[in-house]
Amino acid sequence: MNFDPLWGQTGQSVQAFWSEQWTRGLQSMQQMGQQVPSALNVMPGTPESANPWAAITQALQSAMGQATATHGAQPAVQFDAQKLQNLQQAYLHDAQALSDKDQTQSWLAKDKRFNTADWSQNPVAGAAAAAYLLNSRMLTGLADAVEGDDKTRNRVRFAVEQWVAAMAPSNFLAFNADALKKVVETKGGSLAQGISNLLADMRQGHVSMTDESLFTVGKNVATTEGAVVFENELFQLIEYKPLTAKVHEKPFLMVPPCINKFYILDLQPDNSVIRHAVAQGHRTFVVSWRNPDESQAHQTWDNYIEDGVIKAISVTQDICDAPQINVLGFCVGGTMLSTAMAVLTARHARESGDVPAEPAKTTARSRSAAAKTAAKSSSKTAAKPFPVASMTLLTTLLNFSDTGILDIFIDENMVRFREMQMGKGGLMKGQDMASTFSFLRPNDLVWNYVVGNYLKGETPPPFDLLYWNSDSTNLPGPFYAWYLRNLYLENSLIKPGALTVCGETIDMSRVTVPTYLYGSRDDHIVPIDAAYASTKVLGGELRFVMGASGHIAGVINPPAKKKRSHWLREDGMFPASFTDWTAGATEYPGSWWTDWSEWLASHAGKQVAAPASYGKGQEYPAIEAAPGRYVLVKA
């Protein structure tokens, strides 16, 4: 974004702020060392980037040139000659069409950034937008024409996509027809408000995606009634007040990701997963992770599994005097929960003097067959049941062979750098991580708000999910570095015996509890193929469901809103490929929550009287009202 130098010191401060936001968004790439396209180090619109299209070309060439062959300096990346020829012909054809008003207006109408009458009726803005669309198609085509390994191609594509998104004429006041019209209509008021919005964002350190002043945790988000009944240095355990006279005898524990705050599961009463579970008659507990500061900078993956997840399971059992509980993990929380389950499985087998049976090796495993295997394995240990009766995993990675767009950030150099930087201690700052995730969808999660907030002087509408998204959390460096190497880089969680966690050699195939697996069709964090791949990792009875939409919206989809669809396959088969699974799946309208509720109830045991108080006497007293203190700490 160009800022007027006549703003003087204020303009310089604004420039510095926005450059910092750009740097944060690309931090993970910059720290990969030689893989960084050098042109990406300059924020678009700053004096160092006076020729934006030259910078884009430089970014493309830099990304290509740094992918060198193993022997000598021969580039490992080349362009597909036929694709280049086709691109050239298409470019020349479309360039000639720039003089055709009807043709250019049809281009503008297809892009939501330029599809208003103000753009089509403003010859300067319209011409700039049409030329931008022509050149951006050319550059995107060049990225797609690159030959080479998948990681290099994806990095080239990412570099170009960042610049293409950043250089849209809509991001610049001089060319944004809508913003200029509003300046005239408001007699400069919109521009003054835009400056005010930008200065406010500078104070809070990030771009506002919603009107954050309208939300308060515990007041109008995270409002389901409950109490904190246990806490240690890693988490608080919240128990929620029953909404039914009777509850299922097996309590229900939710483990959210520690890279976000738990109230994504409790945004508003009408879209709260937590409230839904309570209303379904489950005695519900939720882990609220502490937002770590420097005093927790030494915490490891083992600490989070042993003193976090496993401790939460044990305390829930103690409070409810329950031999077994049901558990749910969401995103990274699901990966942590699954790891804890593998640790508990190893301990349970050793303590019981039992060796779990080998899971059946078939290409398409039936749920009923898996259930018989699990039942046979557990029959010898009926005197001491396994602490978990069932597990639900929502948008969770167990097999990290397909990590989607995030794969471009992960390689040996990047992981080694993180290990050197924070492997023994330190913090991965939450705002840095949040900015990086935003730049994975730059038009929707970055430039959309730059235009609305700053160029048009608008206040973004209230949206609970985006408020939560901006409420970031830190991660302890040792935890983060271990996670990167052992899971994202080496994919060791699916390798039997490859990992030792909490003193136990783990094998995910020996986790045989009934498991409900959910994946979102359009998820860019946990691709749907990767979510389905968990069916080949776990060893028990499985039920897999696919929901519509993305990583968050697909999960937070209450039945009452009657939105989106979900897909199920009732024959109990899990073919080798996700494509083959979908061929036999049936689409059902509406939320997957209803199917999951029925499944969970079938594993929750009989109905008993709901507890009259929180916790358990003096051993686990109510410490404070939900949502507790930990969730209020800002990164």
Can you find a pair of side-chain heavy atoms, one from V633 and one from R290, that are under 4.5 Å apart?
no
Please assess V255 against I313 for the test side chain to side chain contact (heavy atoms under 4.5 Å, CB included), listing each intermediate value before the final yes or no.
CA-CA 10 Å; V255 181; I313 292 172; over 6 Å; no
Determine whether T300 and D302 satisfy the following criterion, side-chain hydrogen bond (donor to acceptor under 3.5 Å, both in side chains), listing intermediate values before the conclusion.
CA-CA 5 Å; T300 65; D302 277 21; 5.4 Å; no
Calculate, to the nearest 0.5 Å, the distance between atoms NZ and CD belonging to K424 and E419 respectively.
9.0 Å
Polar side-chain atom of Y518 near backbone of G554 as donor-acceptor pair, under 3.5 Å:
yes
From N303 CG over to E233 CD, what is the distance, rounded to the nearest 0.5 angstrom?
7.5 Å
Straight-line distance of T284 OG1 to Y240 OH, nearest 0.5 Å
9.0 Å
Knowing that exactly one of W596, W593, Y588 qualifies, which makes a ring-ring contact (aromatic ring centres under 6.0 Å, His included) with H566?
Y588
Distance-only, no hydrogens or angles: does the S272 side chain make a donor-acceptor pair with backbone N or O of L265 under 3.5 Å?
yes
Decide yes or no on side chain to side chain contact (heavy atoms under 4.5 Å, CB included) for Q431 and S472, but give the supporting numbers first.
CA-CA 6 Å; Q431 189 54 54; S472 59; 3.8 Å; yes
Test side chain to side chain donor-acceptor pair (under 3.5 Å) applied to R543 and T392, T515, D595, T535, the passing residue:
D595
Where does the angle between the aromatic ring planes of F400 and Y483 fall among parallel (under 30°), tilted (30 to 60°) and perpendicular (over 60°)?
perpendicular
If we only count heavy atoms from C-beta on, is the Y488 to L397 side-chain gap below 4.5 Å?
yes
Closest approach of G425 and P478, non-hydrogen atoms and distance?
N-CG, 3.7 Å
S314 side chain vs A312 backbone, donor-acceptor pair below 3.5 Å
no
Taking the side chain as C-beta and beyond, is there a heavy-atom pair between W468 and V221 under 4.5 Å?
no
Any salt bridge linking E412 with K151? Criterion: basic side-chain nitrogen under 4.0 Å from a carboxylate oxygen.
no
Heavy-atom nearest pair, T512 first then G539, reads CG2-O, 3.8 Å
Atom OH of Y480 and atom CD1 of I259: how far apart are they, to the nearest 0.5 Å?
9.5 Å
Side chain of E624, backbone of V228: donor and acceptor closer than 3.5 Å?
no
Do T395 and F330 have side chains that approach each other closer than 4.5 Å (heavy atoms only, starting at C-beta)?
yes
Just so I know, are the side chains of M414 and L489 near enough to count as touching, which here means a heavy-atom distance under 4.5 Å?
no
Under the 3.5 angstrom rule, does the side chain of S577 hit a backbone N or O of D580 as a donor-acceptor pair?
yes
Quick check: does any side chain N or O of N474 sit under 3.5 Å from a backbone N or O of K429, one acting as donor and the other as acceptor?
no
Considering only NZ, NE, NH1 and NH2 on the basic side and carboxylate oxygens on the acidic side, decide whether E490 and R485 come within less than 4.0 Å.
yes
For a side chain to side chain contact (heavy atoms under 4.5 Å, CB included) with M508, tell me which candidate from T345, L538, I494 qualifies.
L538
So among H282, H603, H276, which one has a ring-ring contact (aromatic ring centres under 6.0 Å, His included) with F252?
H282
Quick one, L600 with S390, criterion side chain to side chain contact (heavy atoms under 4.5 Å, CB included). Give me CA distance, side-chain angles, the key distance, then yes/no.
CA-CA 8 Å; L600 183 61; S390 78; 4.0 Å; yes
Heavy-atom closest pair, residues E249 and A322
O-CB, 4.5 Å
Identified side chain to side chain contact (heavy atoms under 4.5 Å, CB included) partner of F285 from the options L253, I325, I274:
L253
Is a side-chain donor or acceptor of K261 paired with a backbone partner of V631 at a separation under 3.5 angstrom?
yes
Would you find more than 12 non-hydrogen atoms of other residues, nucleotides or ligands less than 6.0 Å from K616 atom NZ?
yes
Roughly how far, to the nearest 0.5 Å, is the CG atom of L337 from the SG atom of C331?
13.0 Å
Quick one: does E239's side chain have a donor or acceptor within less than 3.5 Å of a partner on G226's backbone?
no
Have a look at W289 and tell me which of F479, Y630, F262, Y304 forms a ring-ring contact (aromatic ring centres under 6.0 Å, His included) with it.
Y304
Report yes if the side chains of C320 and R283 come closer than 4.5 Å at any heavy-atom pair, otherwise no.
yes
Least distance between heavy atoms, L393 atom then G334 atom
CD2-O, 3.7 Å
Within-4.5 Å side-chain heavy-atom neighbours: T244 and K246:
no
Quick one: does I506's side chain get under 4.5 Å of L493's, heavy atoms only?
yes
On a heavy-atom basis, which atom in V343 and which in C502 lie closest, and how many Å separate them?
CG1-CB, 4.2 Å
If only atom types and distance count, is the side chain of H248 paired as donor or acceptor with the main-chain N or O of G605 below 3.5 Å?
yes
With a 3.5 Å distance limit and no angle check, can you tell me whether N154 reaches the backbone of D150 through a side-chain donor-acceptor pair?
yes
Evaluate side chain to side chain contact (heavy atoms under 4.5 Å, CB included) for M546 paired with W592, printing each intermediate quantity in order.
CA-CA 8 Å; M546 178 178 71; W592 58 273; over 6 Å; no
A533 and N399: which non-hydrogen atoms are nearest, and at how many Å?
CB-CB, 4.0 Å
Ring centres of Y614 and Y620 under 6.0 Å apart?
no
From F230 CZ over to K311 NZ, what is the distance, rounded to the nearest 0.5 angstrom?
5.0 Å
